[in-house]
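Input: a single structure, listed below in structure tokens.
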Amino acid sequence: MFYASFCDAADELGIHRPRSSLICEIPDAPPCFEDDHVERTWDGHAAQLIWTALNLAPDGLEAAQPTVPPPHQPPFMQNAQLDTYVSVGFSFGDAKAPNVGMYAYIWPQPDGLGDRSWGVEGAAWHPDAGLVRLPWAKLRETADPHQAIVAFGDAVYDAAVETAGWPSDLVGPRVEGWYMSKTPPALVQHQHG
């Protein structure tokens, strides 16, 4: 089985195994990688895209969140615990919406997002999807893709402050390029626990 072999190879290289084997946001996929027994053809171009994306995108996706994910769940699920939030992520897209690149949204969605600048040339609001999208091709054309992801995330947070009335003082000092939340994790755990 591929997943077990992958984990064994990661162990041999001293790389931590994935914390979860849940398969998320892939249409018609089984719930976990261990349950995926479908034989597939190797696509070198797709593998290169995935490797490049997973090498670049995490720097832009590891902004500190003031919540702790539920046990045995992927960290992105922590957003579901909040009443209001900004989500910035990466998507490979799918057959119905082949939009490879960064995406972001503000929940609940405020008015006034249509005519904003999103920090990076090529990033645009897509009202039909309720998302701001930064296409992969545009991101890769920037002089510094890592900094472009940070600028994209900052622009989305600024939009939440300016259009949804969020307090501008919820962020603290930058750590590795991102602002950290000033909300103590213990307070958030108490509020949502």
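- In this structure the side chain of Phe6 never reaches within 4.5 angstrom of the side chain of Asp11, judged on heavy atoms.
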Give every donor-acceptor pair under 3.5 Å between a side-chain atom in residues 119-141 and any protein atom, sequence neighbours left out.
none

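- Between Trp107 and Trp166, the shortest heavy-atom contact is O-CZ2, 4.3 Å.
- Contact annotation: the side chain of Val156 never approaches that of Tyr105 to less than 4.5 Å [non-hydrogen atoms, C-beta and beyond].
- Put simply, NE2 on His45 and CG on Leu49 are 6.0 Å apart, with the number rounded to the nearest 0.5 Å.
- Annotation for Gly112 and Thr163: closest pair O-CG2, 3.8 Å, computed over non-hydrogen atoms.
- By the rule that hydrophobic residues join a cluster once side-chain heavy atoms approach within less than 4.5 Å of another member, Met102 and Ile50 end up as members of one cluster.
- Val38 is listed as a side-chain neighbour of Asp36, based on a closest heavy-atom distance under 4.5 Å.
- In His16, the NE2 atom is not crowded: 12 or fewer heavy atoms of neighbouring residues, nucleotides or ligands sit closer than 6.0 Å.
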Tell me, with the steps shown, if Phe2 and Phe33 meet side chain to side chain contact (heavy atoms under 4.5 Å, CB included). CA-CA 9 Å; Phe2 177 82; Phe33 284 112; over 6 Å; no
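- Atom CG of Asp43 sits in a crowded spot, with more than 12 heavy atoms from other residues, nucleotides or ligands closer than 6.0 Å.
- Looking only at side-chain heavy atoms (C-beta outward), Ser21 and Tyr3 come within less than 4.5 Å of each other.
- With contacts defined as side-chain heavy-atom distances shorter than 4.5 Å, the pair Ile149/Phe90 does not qualify.
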